[in-house]
Every structure is written in C-alpha cells, then in structure tokens.
Amino acid sequence: MKQIKNLKRGILLFLLALLIVWPFLFQSKYLLHILILIFIWSYVTTVWSYMGRFGLVSLGHGAFFGIGVYTTAILFNLHHVSPWLGMFVGGLVAAAIAVVLGYGCFKFGVIGHYFAIATLVLSEISTLVIIALRDALQTGGRLGLTIRSVGTSPLYLQFDNKMYFYFLALALLLLALFIWKKIDESKAQMALKAVGEDEEAALSLGIDVVKYKTAVFALSAFLTAVGGTVYVQFTMFADPTTCTGVGLSLGIVFKAIIGGMYTLWGPTIGSLLIVILEEYTRLFLGSAYVSYSHIIYGLLIIVLIRFLPKGLHGTVSEIFQGRRKREAKTLLAGRQLAENRD
Amino acid sequence: MLILNSVVNGVLFGGVLALMAFGMNLMFGVVQIVHLAYGQFIMVGLYLVYVLAILYHVPLLLSCAAATAAVALLSILAYYLVVKPLLKAPPINQLLALAGVWMVLENACLALFGATYKGVQVVLPVLHVGELYIAASNLIGFVVGLITLAMLYLFLNKTYTGVAIRAIAQDPEITGIMGVNPRTVYLVTFAVGGALAGITAACFVPVYSVHPHFGGAFTLLAFIIVILGGMGNLLGGFIGAFIIGVVTSVSSTLLNPEIGQIIVLLICLLIIIIRPQGLLGVRGK
C-alpha cells in the first residue's frame with residue numbers, strides 16, 4: 001500500500017516537473033494556449049467541487065465567473081484600475097452575493113435541486129445585467145467587449161508572451177487543489193460527511209452547518225471570480241455567452257460530473273477531457289462544428305449520470321480503494337470528534 | 001392608455017404562458033421531476049414548423065399540428081431514455097441529466113440551422129378595439145391557450161387516465177396499490193407535457209423568430225410561473241401565468257425589457273427562498 005502511495009507521489013512530482021519545464025522545451029504556442037485553458041477550467045471546476053461534493057450543486061458559478069470577468073474589465077477600461085485590484089473587487093462582489101444567497105437558501109433549507117434552481121436563476125440574472133448595462137458601463141451587451149491593450153505590463157496583468165499566463169494558471173490550479181485538500185482534512189468536513197445531511201446531529205457536534213456551507217460557498221465564489229479575471233486577461237475579450245450565464249454554469253458542472261466531483265483529481269480530469277474534445281472538433285472538423293462536441297458531451301453527461309453517477313475518476317478510484325473503507329474512516333473521524341467533545 | 005394597452009396584451013400573452021407552464025407543472029406534480037429542458041422542446045417545435053412550412057411548403061396549420069405531434073413523440077423518447085432510468089435517483093441527478101438534454105437539443109439545432117434567427121414570416125393584423133391596440137397574434141395564442149386548457153381540464157376530470165394522473169400526483173403509493181400503474185401514467189404525462197410544449201410553440205410562431213439559445217429563457221419563464229403558483233399546483237400556475245404576463249408586458253413598456261426580466265427573476269429567487277410553496281400555494285405534506 002505504501003509502495004503504491006510512493007509511486008503515485010513520484011508520478012505526480014514527475015508530471016509537475018514536466019509541466020514546469022514544458023514551455024521552455026516546446027515552443028508550440030497552440031499547445032501552450034490549450035494548456036492554459038485546461039488549467040483555468042480545471043481550477044474553476046475544482047473550486048466548484050468544494051461545494052459540489054457536499055451535494056450543493058451550484059448552477060450559478062457562471063455568474064461568479066462573469067462577475068470576475070466584467071468587474072476587472074470595466075474597472076480597467078473605464079477607470080484604469082489595475083486588474084490585480086479588480087480581481088479582488090470582483091472576488092469580494094462574488095463572495096458577497098454568495099453569502100446573501102447562500103445564507104438565505106441554507107437558513108430556509110433550500111437544498112438539493114431547489115438550490116440548483118435558485119443558483120440557475122442567478123446565472124440568468126447575470127447575463128441580463130450585463131446586457132442591461134451595455135451603455136451605462138460599456139459592457140458591450142451581447143456583442144462583447146475588448147480589454148484595452150497596453151502591451152506587456154505586469155502591473156496591468158497583460159503579457160504579450162502567454163508563458164506568464166501559463167504559470168499563473170498553473171499556480172492557481174495548484175492552489176485550488178491545495179485548498180481542496182485542506183477542506184477535505186478539516187474537522188468540520190469530516191463531521192459533516194459522517195452525519196450526512198442531518199443538521200441537528202452536526203449541531204450537536206458543535207458545527208453550525210448553515211455557517212459552514214455559506215463560508216464554503218463564499219470561498220468558492222470568490223475563487224471562481226478570480227479565475228474569471230485571469231481568463232479575461234488571457235483572452236482580452238469577453239461576451240455574455242462565453243463568460244457568464246447558464247451555458248457556462250452548466251459547462252462547469254458537466255466538467256465536474258464527467259471527471260467525478262467527489263475526488264481531488266476528478267474536476268481536473270473532466271476539464272482535460274472536455275477541453276481536448278472541444279479543441280479536437282474545432283481543429284479537425286472546423287470551428288463551425290464545435291457544437292458537435294457539445295452534443296457529444298451532452299450525451300456523455302446523460303449516459304454518465306445514468307451509469308456512473310460518481311464520474312470517471314470517482315468510479316475508478318472507488319474500484320481501487322474500496323468505498324467501504326473510506327466511509328468507515330470518515331465515520332470513525334466523526335465519532336472521535338464527538339467523543340472529544342464529551 | 002399605454003399602460004392599459006400593455007396590461008391587456010399582457011393578459012392575452014398570459015394565456016399562452018399558462019399553457020406553457022401547465023406542461024412543466026404537470027410533469028413536476030405527477031412525476032416529481034423538474035423538466036430543465038422544457039424550453040428546448042418548445043424551441044424544437046418552432047424549428048419543426050419552420051422546416052415544414054418554409055422549406056417544404058406544407059400549409060402552416062398542418063405544420064403546427066405535425067410539429068406538436070413530433071414534440072410529443074420527442075418527449076416520450078426523453079421519458080424512456082433519460083427520465084425512466086432515473087426515477088429512483090436523487091432529484092439533482094434527474095435535473096442534471098435533463099440539463100444534458102438541454103445541451104444536446106440546443107447544440108443539435110445550432111449544428112443543423114446555424115446561429116441565425118429563423119422564422120415563419122406571418123403578418124397578422126393589429127386590431128383596434130375602441131382605443132386599444134391588440135395584436136392578433138396574442139389573441140390567437142390566448143384563445144388557443146384557453147381552449148387547450150379547457151380540454152385538459154375535461155381530460156383530467158372526466159377520463160379514467162386523467163383521474164389516475166391526478167391521483168398519482170396526490171399520493172403515488174396508495175394509487176399504486178389501487179391498481180393504477182404509475183409508469184403508464186408517467187408516460188401519458190410526458191406525452192401530454194410534450195404536446196403542450198408543441199402547442200405553445202405553435203402559438204409562438206407568429207410572435208417569435210427562433211434561434212438555438214431560444215429555449216433557456218422559456219424554461220426559466222415556465223419555472224418562474226410554476227414557482228409563483230406553487231410547484232405542482234395547477235390552479236396557482238394558471239393565475240401565476242397571467243401575473244407574469246402582465247408584469248413582463250408592463251415593465252417592458254415602462255422600463256427596458258432586461259430590467260423587467262431581472263425584477264421578475266429577483267422576485268422568483270425570493271419566493272424560492274422564503275415561500276417555496278408559492279405565493280398562492282398552501283404548504284404541502
């Protein structure tokens with residue numbers, strides 16, 4: 001068992017080293033572009049799964065992503081505010097909305113598919129707000145907006161050489177995975193898993209479920225908005241269909257489902273597969289056929305939910321580890337926690 | 001006068017909305033499923049009318065009837081392939097699988113018809129009644145909506161299948177014991193729901209041009225009405241449709257249409273959180 005763990009760690013370190021030296025070894029701008037996209041979407045999907053794994057399926061992350069994109073873009077284009085600052089402003093706006101909506105929902109017991117619908121409404125609102133502000137804040141409405149270019153300027157988070165974005169996005173992804181681990185190891189998380197949805201039992205362990213869920217929601221929203229900022233600085237263009245709204249929200253959730261939303265690597269694997277699928281159809285069939293790749297992954301979603309609701313990586317790792325063992329572990333942790341309290 | 005005019009047109013539009021929301025409400029009440037791809041079924045209906053009437057020169061009314069039948073068939077197909085296998089799964093899985101259907105239908109239409117607007121150019125007169133201007137398209141939608149709803153009322157109250165549908169909505173277990181097969185009832189419900197989406201599409205033909213992202217807004221609109229009236233509450237949904245019809249019509253006359261929609265959506269959010277049983281509903285079991 002220990003050998004397997006060491007082997008796994010070795011492979012991961014090797015992959016990480018490979019990713020770090022990659023841009024110096026290979027000059028392909030196209031591959032670099034694809035890798036940046038994979039990192040950004042893996043990051044956003046991982047951040048989404050902080051909540052997804054609690055059964056809090058948010059269909060509103062497109063809105064948070066869009067808040068990051070448009071706050072940064074508008075602050076920079078209209079007031080020349082650095083995107084580094086815009087990133088935090090966007091993140092805070094997203095977190096504030098998450099706190100209000102999340103607290104309201106969790107306090108009144110809006111969970112499961114009701115929570116999904118509430119957040120779906122948020123996604124639709126975000127698109128409409130951007131369209132409504134087409135003149136007032138020069139969002140450009142459905143036509144989209146372009147970030148004013150200042151060449152390469154670290155202060156304004158603009159680089160002609162995409163390699164900077166590569167490392168920025170990679171760092172974000174590693175951060176997201178690290179936070180996932182931290183949340184996974186937190187006592188509140190273990191206890192929540194152990195008691196499931198039973199909020200009274202959780203309260204008896206001294207965990208305020210509403211507060212905890214709201215905090216995770218806010219963290220997830222903040223980080224998603226940060227992802228939006230990095231994405232728009234990278235592409236320099238934003239429009240409501242790709243940067244916000246229901247379509248994007250579903251895209252994030254689908255990536256998580258395909259990879260598996262209950263495991264550390266699931267969201268990354270899902271994003272990797274989908275970005276490759278999209279790029280493959282774009283490259284070999286032409287950009288008019290990108291919709292075919294979406295048909296394929298829509299079908300994939302339906303099939304996966306029916307046969308493998310834990311996602312590809314989730315199912316594979318379950319086979320390897322044995323589900324019972326994991327559950328026993330968390331149960332034990334919950335009991336220990338309860339005993340310590342007494 | 002301007003406001004009165006938009007109120008009247010809003011009430012007329014509410015007739016079609018009532019029809020649209022009824023389908024979603026029926027599926028929620030009977031099968032306990034939130035049909036996330038409902039608006040996409042309406043979109044498919046509109047595309048079918050376009051293909052038949054414009055590309056194959058089939059008479060318009062016949063095209064509408066054929067499209068309605070086809071959407072009902074599609075709904076049955078969706079029941080067998082997507083919903084039925086997930087009947088015992090958590091509601092969130094059902095919701096996400098239907099989001100997959102949304103994705104497939106939207107992109108299939110995008111692949112087949114491109115991103116441009118397609119419409120059947122029917123020019124209908126605007127009627128003058130006293131000082132009111134009434135769009136004939138709204139009037140047709142209103143009349144068709146009310147006739148269909150009246151027929152549905154008779155179906156649900158006077159036929160065995162209809163009564164079985166209502167019984168299942170009230171108590172699936174007991175009804176099962178009494179010899180009604182829920183699976184058959186679910187199938188009929190999906191067929192009726194699909195047909196309603198098709199008829200809604202037919203009513204939309206003179207009003208809207210269709211494009212691949214057409215459905216999402218109507219899925220949400222149907223939701224909002226259903227939520228307003230209380231999920232599964234058919235009468236509540238009926239009243240909710242007219243409220244939403246009037247609010248949308250008046251707010252887009254006075255403010256700009258996006259702000260009107262945003263206000264409606266915010267109200268909807270509040271209702272989900274504070275009164276999930278709906279403004280007009282009573283708290284269920």
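Quick note on labels: first sequence line is chain A, next is B, and so on, each numbered from 1. Computed from a prediction, not measured in an experiment: that's the story for all the values here.
- Atom CD1 of I276(A) has more than 12 neighbouring heavy atoms from other residues, nucleotides or ligands inside a 6.0 Å radius.
- Interface summary for chain A: among Q261(B), H213(B), M103(B), the most heavy-atom pairs under 4.5 angstrom belong to M103(B).
- The nearest pair of heavy atoms linking A132(A) to I259(B) is CB-CG1, 4.4 Å.
- The CG atom of L269(B) sits 11.5 Å away from atom CD of E124(A), with the distance rounded to the nearest 0.5 Å.
- For I305(A), the parts sitting under 4.5 Å from any heavy atom of chain B are the backbone and the side chain alike.
- Nearest heavy atoms, L86(B) versus R306(A): CD2-CA, 4.1 Å.
- Proximity to chain A (any heavy atom under 4.5 Å) is shown, for A99(B), by both the backbone and the side chain.
- With chain B as the partner, the residue from V129(A), V303(A), T241(A), V253(A) showing the most heavy-atom pairs under 4.5 Å is V129(A).
- Both the backbone and the side chain of L265(B) come within less than 4.5 Å of a heavy atom in chain A.
- I295(A) is not listed as a side-chain neighbour of L110(B), based on a closest heavy-atom distance of 4.5 Å or more.
- Looking at heavy atoms from C-beta onward, L59(A) lies in side-chain contact with L95(B) at the 4.5 angstrom threshold.
- Proximity to chain A involves both the backbone and the side chain of L96(B), based on heavy atoms less than 4.5 angstrom apart.
- At most 12 heavy atoms of other shown residues, nucleotides or ligands fall within 6.0 angstrom of atom OH in Y103(A).
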Please assess I302(A) against L81(B) for the test side chain to side chain contact (heavy atoms under 4.5 Å, CB included), listing each intermediate value before the final yes or no. CA-CA 9 Å; I302(A) 298 168; L81(B) 294 179; over 6 Å; no
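- Taking all atoms of both residues into account, the shortest heavy-atom contact from Y292(A) to A111(B) is CZ-CB, 3.8 Å.
- Using a 4.5 Å cut-off between heavy atoms, Y297(A) touches chain B through its side chain atoms alone.
- Using a 4.5 Å cut-off between heavy atoms, V104(B) contacts chain A through both its backbone and its side chain.
- Ranking G104(A), A118(A), G245(A), S293(A) against chain B, the residue ahead of the rest is A118(A), based on heavy-atom pairs under 4.5 Å.
- When heavy atoms are compared at a cutoff of 4.5 Å, L266(B) approaches chain A by way of both its backbone and its side chain.
- With respect to chain A, the highest number of heavy-atom pairs below 4.5 Å among L36(B), L220(B), L270(B) belongs to L220(B).
- Rounded to the nearest 0.5 Å, atoms CD1 (I257(A)) and CG (N93(B)) are 7.5 Å apart.
- Residues E258(B) and R134(A) are in side-chain contact: their nearest non-hydrogen atoms beyond the backbone lie under 4.5 Å apart.
- In this structure, chain B has no heavy atom under 4.5 Å from any part of L304(A).
- Taking 4.5 Å as the limit, every side-chain heavy atom of Y114(A) sits out of range of all side-chain heavy atoms of V34(B).
- Using a 4.5 Å heavy-atom threshold, the side chains of L120(A) and F223(B) count as touching.
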